[in-house]
Asker: 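Encoded as structure tokens, here's the structure I'll be asking about.
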Amino acid sequence: MAAIQTALSSIFFSKYLHSLSQTPHRLRKRMLATWTSDQELNQVRLRSGADMKRKLGWYDLVALGVGGMLGVGVFVTTGPVALHHSGPSVFISYIIAGISALLSSMCYTEFSVEIPVAGGAFSYLRVTFGEFVGYFAGANILMEYVLSNAAVSRSFTEYLSCAFGGNLNSWRVEVHGFTKGFNMLDFPAVAIILLLTLCLCYSTKESSILNFVMTIFHVVFFGFIIIAGFLKGSAKNLVNPDGLAPFGVKGVLDGAAQVYFSYIGYDSVSTMAEEISNPSKSLPVGIMGSVFIVSGLYCLMSFALCMMLPYNQIPEKASFAIAFQRMGWKWASNIVGAGASLGIVASLLVAMLGQARYLCVIGRARLVPLWLAKVHPSTGTPLNATLFLGAFTASIALFTELEIVVDMVNLCTLLVFYLVANALIYRRYVITVNNPPFHTLLFLSLLSCSSIAFSLSWKLKQWWGLPLFGGIMIIITACFHYFAPYPNQPSKWSVPFMPWPAAMSIFLNVFLMTTLKKLSLQRFGVWSCLIILFYVLYGVHSTYRAEEMGMDAGGVNPNSSAQQTKLDIQLL
């Protein structure tokens, strides 16, 4: 037996070395390889075995979007951003971030209606710019989900401690000798992630109902905080001690990049596309409706917090609960702690729904092992992906503090939204009307370069560059709009006034990325090297074997018309 295993290992190793020797050829074949929308909708889905069950309506999507965003943002980021960046003008930071999120959500909505699959940004970019760009975006958004879920689950522990009258770290175990930021072991955070993982393995519809109930209570709870803050607080706290914007315009914009963390939940709605009974009607309402609702609530909540306390007295952690405590409302502090914990659970539930579906579709593309793409035939959920990511998220949540990962999460999110906006313009003006790509690619390149130049001028305080590069962006967009052949409107929902909304989204995403700390860029560089190395050593060979050589381990031949007919779907 040992001899047979040794022989098999030797054969496998020699085959792998042979594959590595062909890496340049395979990269040329696969990096820019794209699937059509029909293939993504039908053939690729076969690799999951069973279909996901279409049980969700528009109201489920709105509740999932609202639930996915509310608990993450206002309870986790408002306090530190008001204290260190924006001051009382933190609500303006939320407005700026909300506008950027709304523009990005419009781009997501058009894609999700045209290509209603569970892959979200990964699928949209893969059918537009090719396999490598899709993989790069998918890997980044997966990392964003895992890190943000791990960090947010630790905020759950802090608010839960407040609900029971303890201090913020009373339920954690300190380990001496570990680096600061990694030395407080958080077992309640691990427990809540594992519990939600088991719930998500059971059923998407039941998980959606649970989220719906929690979201209703959560919105009522928000109303209590807003009303109490406006009645008990004082308008004087908005201008004392240092005015509405103590850190200036720069602080407001830096704060907008920080609070963007609050809006990352809406893209989870697009990953539910395979589980929606009427995608073309439900997705626009679910994605954009949830962003509108949440933006309004965020502004009111942050405004109420700054009325309750002067900005320099706002606590960095468990901000709302401790703010009520300092106002003398101990009973309200306990209620806020309990309500915030419930909201964070709802956000985690939706985000963990989304992350599993991203990994499932990346597995279908054979960029990660195919067993991660399997859908359980009885529950209709991506069981393997849910369990794998749940365990991985729990292991990070055990020791990693929010401030360690928040900038990295924001950077990855903004990058993916930037790529989706570029992809929408390219798809509209090149793919759908069969135009030559040169003019569109030139416009996108000039737009990105001028956005970067404007952002660096702002960061380096080179004020002459702001009107120059801002004017260039407006001129090139106007010229492209006027001279580029106008594409036909998609048959379903589409972004109006193109290319202006997508161009504004590109600019805002670039601008907000440049306001983040240098350390986050360095960490992103290391992460990018790792995922590119994984693609070169594994991903490109796996997809080449499946697509180019027709040796798909899942038993799916991309050229099989019979199989495509079997799973062709009607988009309502």
Side-chain angles (χ1 to χ4, degrees), residues 65 69-70 72-108 238 243-267 287-288 290-306 311 314 406-407 409-418 420-421 447-448 450-452 454-459 461 463 466-467 469-470 473-474 477 500-517 520:
M69 288 183 277
L70 281 185
V72 173
V74 75
F75 294 123
V76 177
T77 59
T78 307
V81 170
L83 182 63
H84 298 299
H85 297 281
S86 303
S89 59
V90 63
F91 73 95
I92 302 177
S93 297
Y94 272 113
I95 292 173
I96 295 170
I99 292 171
S100 180
L102 180 62
L103 292 169
S104 296
S105 71
M106 292 170 69
C107 300
Y108 261 84
L238 296 174
L244 185 64
F247 301 98
V249 177
K250 184 179 185 300
V252 174
L253 295 174
D254 289 348
Q258 295 290 319
V259 301
Y260 207 89
F261 181 85
S262 311
Y263 291 95
I264 61 176
Y266 77 78
D267 67 314
I287 295 175
M288 297 180 62
S290 60
V291 173
F292 269 116
I293 293 170
V294 167
S295 296
L297 289 173
Y298 278 165
C299 292
L300 291 173
M301 286 284 286
S302 57
F303 203 78
L305 178 64
C306 292
Y311 83 92
I314 293 175
V406 65
D407 277 350
V409 169
N410 287 334
L411 179 58
C412 291
T413 305
L414 290 164
L415 175 66
V416 172
F417 292 172
Y418 160 82
V420 170
L447 180 62
S448 295
S450 55
S451 298
I452 293 171
F454 181 96
S455 304
L456 291 177
S457 298
W458 171 268
K459 194 174 184 68
K461 299 181 179 180
W463 309 123
L466 301 183
F469 296 114
M473 284 187 287
I474 294 172
T477 305
W500 292 97
M504 289 172 62
S505 178
I506 289 170
F507 164 70
L508 284 173
N509 287 321
V510 169
F511 184 82
L512 293 176
M513 275 191 281
T514 59
T515 64
L516 298 172
K517 297 175 184 176
S520 62

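Values below: every heavy atom of this structure, side chains too, minus hydrogens, waters and symmetry copies. Residues: numbered from 1 along the sequence shown.
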Asker: Would you call W458 and V249 a side-chain contact if the rule is heavy atoms closer than 4.5 Å?
Answerer: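 W458 vs V249: side chains touch.
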
Asker: Tell me, please, which residues at least two apart from K250 pass side-chain hydrogen bond (donor to acceptor under 3.5 Å, both in side chains).
Answerer: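 Counting only residues at least two positions away or on another chain, K250 forms a side-chain hydrogen bond (donor to acceptor under 3.5 Å, both in side chains) with D254.
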
Asker: Checking I95 now: which residues fulfil side-chain contact (heavy atoms from CB on, under 4.5 Å) with it, not counting sequence neighbours?
Answerer: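 For I95, the residues satisfying side-chain contact (heavy atoms from CB on, under 4.5 Å) (neighbours in sequence not counted) are F91, I99, C299.
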
Asker: If every non-hydrogen atom of L244 is compared with every non-hydrogen atom of P88, which pair is closest and at what distance?
Answerer: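 What the structure gives for the nearest pair is O-CD, 3.4 Å.
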
Asker: Can you list everything that forms a side-chain contact (heavy atoms from CB on, under 4.5 Å) with M288? Sequence neighbours excluded, please.
Answerer: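 Checked M288 against side-chain contact (heavy atoms from CB on, under 4.5 Å); matches are L102, S105, M106, T109, W493.
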
Asker: Show every salt bridge (Lys or Arg N to Asp or Glu O under 4.0 Å) that has at least one partner inside residues 84-97, sequence neighbours left out.
Answerer: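 Residue pairs with at least one partner in residues 84-97: there are none.
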
Asker: Not counting sequence neighbours, which residues clear side-chain hydrogen bond (donor to acceptor under 3.5 Å, both in side chains) with S86? List them please.
Answerer: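 S86 satisfies side-chain hydrogen bond (donor to acceptor under 3.5 Å, both in side chains) with S93 only.
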
Asker: Can you sort out the partners of S505 under side-chain hydrogen bond (donor to acceptor under 3.5 Å, both in side chains), two or more places apart, ordered by chain and number?
Answerer: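 Expected list: S104, N509.
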
Asker: For F247, check ring pair (Phe, Tyr, Trp, His ring centres under 6.0 Å) against everything at least two apart and list the hits.
Answerer: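 For F247 the ring pair (Phe, Tyr, Trp, His ring centres under 6.0 Å) partners, ignoring immediate neighbours, are Y311.
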
Asker: Under the rule for side-chain hydrogen bond (donor to acceptor under 3.5 Å, both in side chains), what residues qualify as partners of S520, not counting sequence neighbours?
Answerer: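 Result, side-chain hydrogen bond (donor to acceptor under 3.5 Å, both in side chains) vs S520: none returned.
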
Asker: Do the non-hydrogen side-chain atoms of V81 and Y94 ever get within less than 4.5 Å of each other?
Answerer: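 They are not in side-chain contact.
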
Asker: Would you say the side chain of F417 lies within less than 4.5 Å of the side chain of C107, judging by non-hydrogen atoms?
Answerer: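 They are not in contact (no side-chain heavy atoms under 4.5 Å apart), so the answer is no.
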
Asker: Please report the shortest heavy-atom distance between L103 and P501, naming the atom on each side.
Answerer: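 Minimum heavy-atom contact is CD2-O, 3.9 Å.
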
Asker: Here's a test for you: under side-chain contact (heavy atoms from CB on, under 4.5 Å), which of T477, I452, V510 qualifies with L447?
Answerer: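 Of the listed residues T477, I452, V510, the side-chain contact (heavy atoms from CB on, under 4.5 Å) partner of L447 is T477.
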
Asker: Taking all non-hydrogen atoms of both residues, which atom of S451 and which atom of M473 are closest, and how far apart?
Answerer: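 Closest approach of S451 to M473, heavy atoms only: OG-SD, 3.3 Å.
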
Asker: Taking the side chain as everything from C-beta on, heavy atoms only, tell me whether F303 gets closer than 4.5 Å to L238.
Answerer: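 Yes - at least one pair of side-chain heavy atoms lies under 4.5 Å apart.
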
Asker: If a pair satisfies salt bridge (Lys or Arg N to Asp or Glu O under 4.0 Å) and one of its residues is in residues 294-305, list it, with sequence neighbours excluded.
Answerer: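 Pairs touching residues 294-305 that pass the test: none.
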
